[in-house]
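What you see below is based on every heavy atom in this structure, not just the backbone, and it leaves out hydrogens, waters and symmetry mates. Note on naming: letters A, B, ... go to the chains in the order of the sequence lines (proteins, then strands), and numbering restarts at 1 for each one.
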Number of protein chains: 2
Amino acid sequence: MLDRTDLLILDELSKNSRIKMKELGEKVHLTGPATSARVAKLEGNGIIQGYTIKINQEKIGYTIHAIIQIYMKDTNHQPYQTFIKKQKDYVINNYKVSGESCYLLECKFPSNEKLDEFLEGLSKYVSYKLSIVINNK
Amino acid sequence: MLDRTDLLILDELSKNSRIKMKELGEKVHLTGPATSARVAKLEGNGIIQGYTIKINQEKIGYTIHAIIQIYMKDTNHQPYQTFIKKQKDYVINNYKVSGESCYLLECKFPSNEKLDEFLEGLSKYVSYKLSIVINNK
DNA sequence: TCATTTTACTTTATTTATGAAAGGAGTTAA
DNA sequence: TTAACTCCTTTCATAAATAAAGTAAAATGA
């Protein structure tokens, strides 16, 4: 299904998704139009789900990166899910997981005040364990 | 430092980083060159760290998404870090965290065999708790 | 206060990239 | 062998990016 060239294209687009088709073509030894057709195919079959940017969250004021293990108090997850949906500014990912906890919630906050406020709300619905990210190497 | 227009630009580029500067300009009520200059500034000051793609990992054979809590057996983290550096194919993020565990390791695997192999290696250096991601809503 | 500089933008013109169309080479299958 | 596909290249028209020049408003400073 995917050959070496496709994987190379994915790799290059991961590193720089705004690369020109001509330049990407040079990297994978194809012409611009051939490369463009390959990329369109990868979009069409859903392997490329979208084009996005990496934002330095600290530089835009989100200095706290938290990962929170969520334990349900109740079998009904809906109140928790509804709460999370309202916190789009803070929530990066809300993973349902197998293992010790029920969810792993990845969030960003601009201050301890906002984090505290969030946890106050959260604790109405679930129990949690908080981890704060120090680095990512 | 960042005004409303900058935040709008970041938002639009997050949704589609390959958008034309002219089209992005229309969304934020600027001309192409003005938009282009704003974006260049956001790149220059490091707020935009890079342009990338979202890849559907399942469609390229990575069906297992795991998050692993890491507990050090020893005060020396180096053997663990060295091991992780060798596992680039599988490791998405290796967060050093405060809280219960020392690290939160996010990984992807193409099969239970590869996951098992990885865990066998991992257990030489650290203790761990494994969570498998079911969904992300 | 008023002149000067800076910043942020628009407009225009040139360069560059994209995307459509035509065609060729290699592969597969009747 | 021939037809149908796939995947590519080349060519060319169109569209976008970029550089340069100019403008207007805001900030700076004597």
Side-chain angles (χ1 to χ4, degrees), chain A residues 1-63 88-90 108-111 114, chain B residues 1-63 88-89 108 110-111 114:
Chain A
M1 186 163 185
L2 288 190
D3 65 14
R4 187 158 312 181
T5 302
D6 290 316
L7 293 174
L8 253 174
I9 286 172
L10 291 177
D11 195 46
E12 290 299 331
L13 287 176
S14 293
K15 288 189 232 158
N16 175 18
S17 67
R18 275 191 80 89
I19 192 172
K20 305 300 173 198
M21 286 301 120
K22 191 187 165 189
E23 193 187 339
L24 178 55
E26 281 163 16
K27 287 182 188 283
V28 304
H29 309 108
L30 286 176
T31 58
T35 310
S36 195
R38 288 261 191 168
V39 170
K41 209 170 192 177
L42 290 167
E43 290 169 8
N45 63 22
I47 288 170
I48 295 177
Q49 290 183 303
Y51 297 88
T52 188
I53 52 172
K54 277 177 272 186
I55 294 175
N56 187 328
Q57 294 293 343
E58 294 194 7
K59 289 198 177 178
I60 62 170
Y62 287 93
T63 54
K88 289 241 166 79
D89 280 0
Y90 303 140
K108 58 186 161 73
F109 299 96
S111 65
K114 294 293 184 184
Chain B
M1 185 165 186
L2 289 191
D3 64 14
R4 188 158 311 180
T5 301
D6 290 317
L7 292 174
L8 253 174
I9 286 172
L10 291 177
D11 195 46
E12 290 299 332
L13 287 176
S14 294
K15 288 190 232 158
N16 175 19
S17 67
R18 274 191 81 88
I19 192 173
K20 306 298 174 198
M21 285 303 119
K22 192 187 164 191
E23 193 188 338
L24 178 56
E26 282 163 16
K27 286 182 188 284
V28 304
H29 308 108
L30 285 176
T31 57
T35 310
S36 196
R38 288 262 193 169
V39 170
K41 208 169 192 178
L42 290 167
E43 291 168 9
N45 63 22
I47 287 169
I48 295 178
Q49 290 183 303
Y51 297 88
T52 189
I53 52 172
K54 278 177 270 183
I55 294 176
N56 186 327
Q57 294 293 342
E58 295 195 5
K59 290 199 177 178
I60 61 170
Y62 287 93
T63 54
K88 289 243 166 77
D89 281 359
K108 59 186 158 76
S111 65
K114 294 293 184 183

Contact under 4.0 Å: A:S36 side-chain N or O vs C:dT18 OP1/OP2: no

If only side-chain N and O atoms of A:T31 are considered, is one of them under 4.0 Å from the OP1 or OP2 phosphate oxygen of D:dC8? no

Rounding to an integer number of Å, can you tell me how far [X] [atom1] sits from [N] [atom2]?
{"X": "B:L24", "N": "D:dA16", "atom1": "CG", "atom2": "C1'", "answer": "13 Å"}
{"X": "B:D3", "N": "C:dC9", "atom1": "CG", "atom2": "C1'", "answer": "13 Å"}
{"X": "A:K22", "N": "D:dC8", "atom1": "NZ", "atom2": "P", "answer": "19 Å"}
{"X": "B:E26", "N": "C:dC9", "atom1": "CD", "atom2": "C1'", "answer": "17 Å"}
{"X": "A:K20", "N": "C:dG19", "atom1": "NZ", "atom2": "P", "answer": "11 Å"}
{"X": "A:R38", "N": "C:dT18", "atom1": "CZ", "atom2": "P", "answer": "18 Å"}
{"X": "B:L30", "N": "D:dA17", "atom1": "CG", "atom2": "C1'", "answer": "16 Å"}
{"X": "B:R18", "N": "D:dA15", "atom1": "CZ", "atom2": "P", "answer": "18 Å"}

Considering the terminal five base pairs at each end of the helix from C:dT1-D:dA30 to C:dA30-D:dT1, what angle separates the two local helix axes, rounded to 10°? 30°

N/O donor-acceptor pair under 3.5 Å between [X] side chain and [Y] backbone:
{"X": "B:S14", "Y": "B:L10", "result": "yes"}
{"X": "B:K108", "Y": "B:D89", "result": "yes"}
{"X": "B:R18", "Y": "A:G50", "result": "no"}

Parallel, tilted or perpendicular: which fits the ring planes of A:F109 and A:Y90, with parallel below 30° and perpendicular above 60°? tilted

Derivation and outcome, salt bridge (Lys or Arg N to Asp or Glu O under 4.0 Å), residues B:D11 and B:K27: CA-CA 11 Å; B:D11 195 46; B:K27 286 182 188 284; over 6 Å; no

State the CG-CG distance between A:N45 and B:N56, to the nearest 0.5 angstrom. 9.0 Å

Mapping B:M21 and A:K41 onto DNA chain D by nearest heavy atom, which one lands closer to the 5' end? A:K41

Measure the shortest side-chain to side-chain distance between B:E26 and B:I19 over non-hydrogen atoms and say whether it is less than 4.5 angstrom. no

